[in-house]
Engineer: 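One structure, pasted below without further comment.
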Amino acid sequence: MSTAAAPTEDVRTDPTLLLLSEEDDVAVALADLVAGQQVDVAGGALTVTADVPRGHKVALRAVPAGQDVRKYGQVIGRATADIVPGAHVHTHNLSMSDTERQHEFGVARWRPPAPTGERPTFQGYRRADGRVGTRNYIGVVTSVNCSATAAKLIAEQFRGMALDAFENVDGVVALTHQSGCGLVSGSEGADVLLRTIRGYATHPNIGGLVLLGLGCEMLELDLISADLPLPADTLVERMTIQETGGIRATVAAGVQAVKDMLPRLDERRRETVDAGELVLALNCGGSDGYSGITANPALGVASDLIVGCGGRSVLAETPEVYGAEHLLTRRAVSPEVGQKLLDRIEWWRAYTAAGGGTMDNNPSPGNKAGGLTTILEKSLGAVAKGGRAELVSVLEYAEPIVERGFSFMDTPGYDPVSVTGLVAGGANLVCFTTGRGSVFGCKPVPSVKVSTNSTLARRMPDDIDLDAGTIIDGGRSVEEVGHDLFRLFLAVASGQQTVSEELGVGQEEFVPWQLGAVT
């Protein structure tokens, strides 16, 4: 059985169909097909028996009801009705398959080589603890939802031309959330929220920090600041609304604190640092039938290049690797690392069942409209974002990303929650692939958005940083686009704005994962 979950050099395509593996029962439509249309595949002619939208699957051979269906050389589901050659394969005749997968550990380990020639570099902010920021922000970090309005009022005073005199400061961001009280102290949910807030407070992209609370919440400021491993050069102010004299007085005090920080932060300068200081978060949203063919494998190439430089790259979204986890455990550096991933998968199976669902509740309606049928199919395309590098660690949500190399972080598939955990872990760059369209941003970290198809890039040009659809319709290879993406990462890490940054998107996307009882 093939171990690949992304197209390689042996991908075969004609103007209308793309075959990803010789073992596949289906091919991907590269254009809208109509019933009765004849297409060429694998050296023969095939008559399409029903209309098939682009990005969707066409049966290459007969598949009886109850038999597994393969794409990427892997099982993506089970036929719920007899499938004939040329049929449209989707939710009406394909469903989830619980076929047991083999979980081997460490049999496919590979370390990306270091780059030859001149080392790749970028211009970053070296912090006092040695870490490197890609941006220089002031963060107004809240302990509880009760202080959210005050935090936003403070940050609002520094939009537009208010920072024109401080060209080395990227902005003031209010990091607000919906929790901080009503939690069970010491519970998993409380610990996750605390870890997330502390991760943002200590992030290398935060040069100035205003810690803002109400004064009587469960998640007190003292819990956030206790033994907080802040870089020595982080400027810090803390205040509570109750002690400061209410909303109006707190906003005035917060605005003054930020004004005092701005001249000092503006004195900081970018310096040349090795590409090995990049910490790349890998995420996807609004995926379609092209995601695992174009943008995701191209991102996998760029991810391997960063790992080869000695950097860190982190895959996430545990519900969206379900069904493809065996491809990751094969790359684990130890059985313990591989088993930790499997343990998190089992946690998610129980978690979704407790909520009355299953892991196949993901894909979303938009994913299905784009051609993805089951979570198995979606996951096989999603893991391609992680390239081929060996898996060095499996992290809890918002846990610090310490080990160099390729890691996995346990997060939900919901994009803002997932990326919030990755940034809290220390990611200083985010890459977000999308097939249906996304307007995602994540201050204080730049988010590079990559389209899986050129139609999307043309339809939403102000929301896409790079078009990977040229792999399908522009004659470019996955490797070429992956190297383009790597060069874009270096430019963005050096200060080039992403489209989401130009539009000011990213403050509302701070969404910590809420777990446990609210009392």
Side-chain angles (χ1 to χ4, degrees), residues 122-128 131-142 147-177 200-212 230-231 233-239 244 247-271 273 419-420 423 427-430 439-449 462-463 465 491-510:
F122 68 98
Q123 299 297 307
Y125 291 100
R126 177 75 69 176
R127 302 301 305 281
R131 293 185 300 158
V132 176
T134 57
R135 295 293 184 266
N136 188 25
Y137 267 90
I138 294 174
V140 185
V141 176
T142 58
S147 56
T149 298
K152 288 183 177 181
L153 289 172
I154 293 168
E156 282 291 322
Q157 302 303 309
F158 299 95
R159 296 188 64 181
M161 296 184 294
L163 295 181
D164 283 356
F166 308 100
E167 61 180 19
N168 296 307
V169 179
D170 291 289
V172 179
V173 58
L175 297 168
T176 65
H177 54 92
Y200 269 75
T202 59
H203 196 280
N205 282 16
I206 298 289
L209 176 65
V210 178
L211 288 172
L212 181 60
L230 282 172
D233 55 352
T234 301
L235 309 179
V236 184
E237 288 286 346
R238 55 173 283 170
M239 61 189 71
T244 308
I247 285 281
R248 192 183 301 275
T250 300
V251 172
V255 168
Q256 188 58 53
V258 172
K259 287 181 176 179
D260 292 342
M261 292 178 184
L262 285 171
R264 298 170 63 186
L265 287 181
D266 191 54
E267 294 174 356
R268 298 184 182 177
R269 297 292 184 271
R270 292 180 180 271
E271 61 183 77
V273 293
V419 177
T420 294
V423 172
N428 56 16
L429 185 65
V430 173
V439 294
F440 186 80
C442 56
K443 294 177 181 179
V445 175
S447 174
V448 176
K449 291 200 290 296
D462 294 332
D463 298 284
D465 293 285
V492 168
S494 298
Q496 177 178 308
Q497 282 201 322
T498 65
V499 290
S500 62
E501 289 181 300
E502 291 174 356
L503 293 169
V505 178
Q507 178 168 285
E508 300 303 324
E509 287 75 3
F510 175 69

Engineer: Taking the side chain as every heavy atom from C-beta outward, state whether V439 and S500 have any atom pair closer than 4.5 Å.
Structural biologist: no
Engineer: How long is the gap from CG on D233 to CZ on R268, to the nearest 0.5 Å?
Structural biologist: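 Nearest 0.5 Å value for the CG-CZ distance: 4.5 Å.
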Engineer: To the closest 0.5 Å, what do you measure between NZ (K259) and CZ (F166)?
Structural biologist: 9.5 Å
Engineer: Which pair of heavy atoms, one from V505 and one from F440, lies closest together, and at what distance?
Structural biologist: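 The pair with the smallest heavy-atom distance is CG1-C, 4.1 Å.
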Engineer: Can you list everything that forms a side-chain hydrogen bond (donor to acceptor under 3.5 Å, both in side chains) with E237? Sequence neighbours excluded, please.
Structural biologist: none
Engineer: For D465 and V448, indicate whether the former's side chain and the latter's backbone hold a donor-acceptor pair under 3.5 Å.
Structural biologist: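 No: the side chain of D465 does not pair with the backbone of V448.
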Engineer: Given side chain to side chain contact (heavy atoms under 4.5 Å, CB included), test L262 with F158 step by step and report yes or no.
Structural biologist: CA-CA 10 Å; L262 285 171; F158 299 95; 3.9 Å; yes
Engineer: Between H177 and A148 (side chain of the first, backbone of the second, donor and acceptor by atom type, cut-off under 3.5 Å), is there such a pair?
Structural biologist: no
Engineer: Would you compute the distance between atom CD1 of I247 and atom OG1 of T149 and round it to the nearest 0.5 angstrom?
Structural biologist: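 Answer rounded to 0.5 Å: 6.0 Å.
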Engineer: I need the minimum non-hydrogen distance between I206 and T234, along with the two atoms involved.
Structural biologist: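 Where I206 meets T234 most closely, the heavy atoms are O-OG1, 4.0 Å.
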Engineer: Could you pull out the closest heavy-atom pair between R131 and P204, with the gap in Å?
Structural biologist: NH1-CD, 3.2 Å
Engineer: Could you tell me the separation between the CG atom of L235 and the CG atom of D260, rounded to the nearest 0.5 Å?
Structural biologist: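 Result: 10.0 Å between the selected atoms.
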Engineer: Considering all heavy atoms of both residues, which atom of A174 and which atom of A151 are nearest to each other, and what is their separation?
Structural biologist: CB-O, 3.6 Å
Engineer: Would you mind reporting whether Y125 and N205 have side-chain heavy atoms less than 4.5 Å apart?
Structural biologist: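 Side chain of N205 against side chain of Y125, heavy atoms only: no contact under 4.5 Å found.
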Engineer: Counting C-beta onward and ignoring hydrogens, is there a side-chain heavy-atom pair between Q123 and R269 closer than 4.5 Å?
Structural biologist: no
Engineer: Do the non-hydrogen side-chain atoms of I154 and L212 ever get within less than 4.5 Å of each other?
Structural biologist: yes
Engineer: Which pair of heavy atoms, one from A155 and one from V173, lies closest together, and at what distance?
Structural biologist: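 Reported closest heavy-atom pair: CB-C, 4.5 Å.
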Engineer: Could you check E501 against D170 for side chain to side chain contact (heavy atoms under 4.5 Å, CB included), going step by step and ending with a plain yes or no?
Structural biologist: CA-CA 10 Å; E501 289 181 300; D170 291 289; 5.8 Å; no
Engineer: Identify the heavy atoms of T176 and T142 that sit nearest to each other, and give their distance.
Structural biologist: CA-OG1, 3.4 Å
Engineer: Distance check, rounded to the nearest 0.5 Å: L211 atom CG versus M239 atom CE?
Structural biologist: 9.5 Å
Engineer: Can you tell if the side chain of V492 reaches within under 4.5 Å of the side chain of F122, non-hydrogen atoms only?
Structural biologist: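 Side-chain contact under 4.5 Å: no.
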Engineer: Using side-chain heavy atoms (C-beta onward) and a distance below 4.5 Å, is P444 in contact with R135?
Structural biologist: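 No, too far: nothing below the 4.5 Å cut-off.
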Engineer: Check whether N168 reaches the backbone of N136 with its side chain - one donor and one acceptor, N or O, closer than 3.5 Å.
Structural biologist: no
Engineer: Tell me, which pairs form a salt bridge (Lys or Arg N to Asp or Glu O under 4.0 Å) where one or both residues lie in residues 148-161, sequence neighbours left out?
Structural biologist: K152-E508, E156-R159
Engineer: Is the count of non-hydrogen atoms from other residues, nucleotides or ligands lying under 6.0 Å from E167 atom CD greater than 12?
Structural biologist: no
Engineer: Do V258 and Q157 touch side chain to side chain, with heavy atoms closer than 4.5 Å?
Structural biologist: no
Engineer: Could you check whether any side-chain N or O of R270 sits under 3.5 Å from a backbone N or O of T134, counting only pairs where one atom can act as donor and the other as acceptor?
Structural biologist: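 Yes.
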Engineer: Rounded to the nearest 0.5 Å, how far does OG1 of T250 lie from CG of L153?
Structural biologist: 10.5 Å
Engineer: Is the shortest heavy-atom distance from the side chain of K449 to the side chain of T498 under 4.5 Å?
Structural biologist: no
